[in-house]
Every structure is written in C-alpha cells, then in structure tokens.
Amino acid sequence: MSTTLTSASPPEAPTLPMPEKPAGRNPMAAHPALWLFPVPALVLYVTFFVIPTIQGVIYSVTDWDGFSPTAQFVGLDNFVTIFTSDDLFRNALSNNIKFMLVVVVFQTIFSLVLAVFLSKNSKSSVALRSVFFFPTILSSVSVAFIWKFVYDPNFGLINSVLEAVGLGRFQSAFLGNDNQAIYWVALTQVWFHVGQMMIIFIAGLQQIPQELYESAETDGASRWQQFRHITLPMVAPATAIVMAYTTVQSFKAFDLILGLGGNPPKSSLDILSTRIYSGFANSQFGYAAAESLVFMALIAAITWIQRRAVKASNPDA
C-alpha cells in the first residue's frame with residue numbers, strides 16, 4: 001500500500017487595508033504658516049509697483065515739481081498737452097516706433113533662424129549657442145561703448161574696414177546721420193539680445209515631437225514645407241513670448257540710448273523713456289508722470305495686439 005505525500009502550500013499572509021487619504025484635504029488648512037510664504041513677495045510687489053503706480057496716477061493730474069510740499073490740481077491738462085501740442089513727445093514716440101519695428105522684426109527672425117540651426121544638442125551647437133548668447137551677459141553701457149567705437153566715423157571699425165577694402169564711398173556717419181541714427185541703435189539692440197531670444201526659441205523647438213517631421217518626410221514634404229507647416233505653428237507660443245519681451249525691451253532701451261547718444265540724446269535718438277527721464281530731470285514730475293502712464297498704456301496695447309495677431313494666425317497658441 002503506497003502513500004502519496006503532497007506538500008501543503010504556505011498560508012497566505014493577511015492583507016492589511018491601506019489607509020485612506022482624507023478626501024479634499026487642504027494643505028493650507030493643515031499648515032496655516034504656509035500663508036506666510038507669499039508675504040515677502042507681496043510686500044515687495046505692493047511697495048515697488050502698486051504704491052508707485054497709484055502715486056504716478058495722482059501726480060499725473062498735478063503740476064508737481066518734485067520738491068514743493070504741495071501741488072496744484074490741473075486735471076487732464078497734462079494729457080491734453082501730450083496728445084495735442086508736445087512736439088518733443090511726438091518725436092520721441094516716432095523714434096520709438098521705428099526702433100521697435102526694426103528690433104521686433106529682425107530680432108525675432110534672426111533668433112528663430114539661429115534656433116533652427118542650433119536646436120540639436122551637439123557639441124558644436126552648444127558651443128555656438130554660448131557664443132551668440134555671450135553679448136546678453138554684458139551690461140548695456142559696455143555694449144554702448146563697444147558699438148560707439150564700431151560706429152565712429154573717423155577711426156571706427158566699419159569705416160576702417162570699408163576704407164581698407166576700397167569701398168570708402170560706402171562709409172557713413174552712422175550715429176551722426178539724423179536720418180539713420182535710430183536704425184543703427186536698433187541694429188545694436190538686435191545684436192545685444194538675439195542670443196537671449198534664440199534660447200527661448202530653442203526651448204520651443206525641442207518640445208516639437210520628432211514624429212511629426214518623420215511623418216512629413218515620409219509623405220514627401222520638403223524642408224521648407226516642414227518648417228512652414230510644422231515648425232512655425234508649433235513655436236507660435238514661443239514667438240508670442242519673444243515678440244512681447246522684445247517690444248518691452250525696445251521701449252526700455254534707456255541706457256543703450258544714453259550710452260550711444262549722450263545725455264541728453266539728440267532729437268534723432270530721443271525715445272519715450274529718455275523723454276520721460278528728461279521731464280523728471282527738469283523737475284516736471286507731474287507732466288513726466290502723465291507721460292509715464294501713456295507710455296505704460298502704449299506698451300500694454302501693442303503687446304495685446306501682438307498677442308491677438310499670433311493667436312489669430314495659430315488658434316492653439
């Protein structure tokens with residue numbers, strides 16, 4: 001008589017119930033001290049933005065000179081003067097619009113082209129990114145002195161090179177030419193910040209799925225068609241950021257203008273920020289405050305228009 005032995009399976013370990021997380025628990029309620037973390041930033045924001053903005057609005061309807069203990073209320077007279085009879089403000093506005101258009105168009109185009117060619121993370125691309133980004137870390141005063149030498153009509157780099165290669169007839173006075181001066185400063189601004197905008201575009205390009213390009217190439221799309229129908233729409237959010245930031249830069253090119261054009265700059269180089277500065281320097285605080293509000297509203301309006309234009313061209317932006 002044979003006996004068959006079977007090995008008994010080990011008993012299963014009892015399953016412990018998992019503790020349930022309390023539904024809808026608010027960490028701020030559990031730790032009220034977390035509300036204190038935004039306080040320093042909020043204090044700085046209120047101190048250096050909210051309060052000065054309110055003060056600027058108040059001063060803009062007065063004739064305060066910046067020193068007197070009292071100021072006379074003038075209502076909207078400062079704004080009426082700005083829009084009707086201030087030729088200096090209109091000249092500065094015209095120069096600033098020219099400056100902005102050149103900078104926004106060429107800086108956006110050049111930075112996108114550089115980003116397209118340097119978007120790969122190869123050693124050569126990384127090295128070239130550093131080269132193009134380098135001017136961004138310089139101060140505006142340093143850039144102004146470098147380009148002041150480049151533009152010097154007597155011993156500057158450009159005119160010296162033109163003379164050396166027998167093209168002296170193309171020499172220019174550059175900043176001394178009132179019809180061209182603002183455009184030469186705009187060229188300096190493009191050189192100054194094109195590397196910074198390139199980095200933004202590279203970040204946008206690297207987010208594009210490579211499968212899109214592979215599918216387009218399989219369908220026989222050319223490089224230009226891929227760029228037009230894939231790259232441009234996909235980098236629209238980055239384009240909106242670049243254009244908005246470049247617009248603000250164009251209106252804030254205060255130190256670059258003073259470095260290249262002197263203080264105060266001549267009328268052909270006067271932009272809104274230098275015009276407002278001149279108002280404060282001449283103790284016209286009330287009038288300069290009104291100019292500042294117009295300045296701020298103008299930047300906001302242009303940025304909004306740019307954003308709407310980008311969104312209209314690409315609804316997903």
Side-chain angles (χ1 to χ4, degrees), residues 88-89 91-111 114 129-164 170-200 242-282 288 291-292 295-296 298-299 302:
L88 293 177
F89 185 86
N91 173 71
L93 176 60
S94 175
N95 289 338
N96 221 147
I97 291 176
K98 295 174 186 176
F99 184 83
M100 179 202 69
L101 290 175
V102 173
V103 172
V104 170
V105 171
F106 287 97
Q107 189 165 285
T108 303
I109 292 175
F110 289 159
S111 58
L114 289 174
R129 286 182 209 167
S130 302
V131 171
F132 287 113
F133 186 79
F134 175 74
T136 306
I137 69 176
L138 301 176
S139 68
S140 299
V141 176
S142 300
V143 172
F145 276 104
I146 292 172
W147 283 86
K148 204 166 186 179
F149 164 72
V150 173
Y151 290 147
D152 190 281
N154 298 316
F155 54 86
L157 178 63
I158 296 179
N159 279 350
S160 298
V161 171
L162 291 174
E163 181 69 26
F170 294 109
Q171 290 179 334
S172 172
F174 298 108
L175 301 178
N177 187 328
D178 289 342
N179 295 325
Q180 301 176 2
I182 195 65
Y183 301 110
W184 293 116
V185 178
L187 176 62
T188 303
Q189 177 79 356
V190 171
W191 176 86
F192 190 10
H193 288 288
V194 68
Q196 184 181 15
M197 300 302 105
M198 173 194 69
I199 297 300
I200 297 176
V242 167
M243 292 179 66
Y245 189 72
T246 303
T247 299
V248 175
Q249 281 182 333
S250 302
F251 281 95
K252 292 171 57 180
F254 171 79
D255 39 6
L256 186 63
I257 291 289
L258 290 190
L260 286 171
N263 183 19
K266 59 182 182 177
S267 60
S268 61
L269 289 177
D270 198 15
I271 61 174
L272 291 179
S273 57
T274 57
R275 175 88 331 251
I276 294 170
Y277 167 76
S278 298
F280 284 115
N282 294 326
E291 290 179 320
S292 300
F295 180 52
M296 182 174 64
L298 182 63
I299 294 177
I302 293 177

Novice: Apply the test side-chain contact (heavy atoms from CB on, under 4.5 Å) to residues F251 and T247: give CA-CA distance (whole Å), side-chain angles for both, the deciding distance (0.1 Å), then the verdict.
Specialist: CA-CA 7 Å; F251 281 95; T247 299; 3.9 Å; yes

Novice: How many angstroms lie between atom CD1 of I182 and atom CD1 of I97, to the nearest 0.5 angstrom?
Specialist: 11.5 Å

Novice: Just verifying a value: how many Å separate F295 CZ and F89 CZ, rounded to the nearest 0.5 Å?
Specialist: 9.0 Å

Novice: For residues F174 and Y151, report the shortest heavy-atom separation together with the two atoms involved.
Specialist: CD1-O, 3.2 Å

Novice: Quick one: CD on Q196 to OH on Y245, what's the gap to the nearest 0.5 Å?
Specialist: 4.0 Å

Novice: Would you list the pairs meeting side-chain hydrogen bond (donor to acceptor under 3.5 Å, both in side chains) in which at least one residue belongs to residues 98-110, sequence neighbours left out?
Specialist: Q107-T246, Q107-Q249

Novice: Working to the nearest 0.5 angstrom, can you tell me the gap between L256 CG and S142 OG?
Specialist: 11.0 Å

Novice: Please list, chain by chain and in numerical order, all residues satisfying ring pair (Phe, Tyr, Trp, His ring centres under 6.0 Å) with Y183, sequence neighbours excluded.
Specialist: none

Novice: For the residue pair F155 and F149, does the interplanar ring angle fall in the parallel (under 30°), tilted (30 to 60°) or perpendicular (over 60°) class?
Specialist: tilted

Novice: With a 4.5 Å limit on heavy-atom distance, are the side chains of T136 and I199 in contact?
Specialist: no

Novice: Calculate, to the nearest 0.5 Å, the distance between atoms CZ and CG belonging to F106 and L187 respectively.
Specialist: 9.5 Å

Novice: Answer whether the closest heavy-atom distance between the side chains of L175 and V185 falls below 4.5 Å.
Specialist: yes

Novice: Any chance you could lay out the side-chain contact (heavy atoms from CB on, under 4.5 Å) test for S140 and F192, step after step, and finish with the verdict?
Specialist: CA-CA 8 Å; S140 299; F192 190 10; 3.5 Å; yes

Novice: How close do S250 and Q189 get, heavy atom to heavy atom, and via which atoms?
Specialist: N-NE2, 4.5 Å

Novice: So how far is it from M296 CE to L298 CG, rounded to the nearest 0.5 Å?
Specialist: 11.5 Å

Novice: So, does D152 use its side chain to make a donor-acceptor pair with the main chain of N159 at under 3.5 Å?
Specialist: no

Novice: Which atom pair, heavy atoms only, marks the closest approach of G195 to F133?
Specialist: O-CD1, 3.7 Å

Novice: Quick one: closest heavy-atom pair of V143 and P135, and the distance?
Specialist: CG2-O, 4.4 Å

Novice: Using modelled atom types only, decide if a donor and an acceptor are shared between the side chain of N177 and the backbone of S172 within a distance under 3.5 Å.
Specialist: no

Novice: Mind listing the side-chain donor-acceptor pairs of residues 272-279 below 3.5 Å, one per line with the distance, residues two or more places apart or on another chain?
Specialist:
| from | atom 1 | to | atom 2 | distance (Å) |
| --- | --- | --- | --- | --- |
| T274 | OG1 | D270 | OD1 | 2.5 |
| T274 | OG1 | I271 | N | 2.9 |
| T274 | OG1 | I271 | O | 2.8 |
| R275 | NE | D270 | OD2 | 2.9 |
| R275 | NH2 | D270 | OD2 | 3.1 |
| S278 | OG | T274 | O | 3.0 |

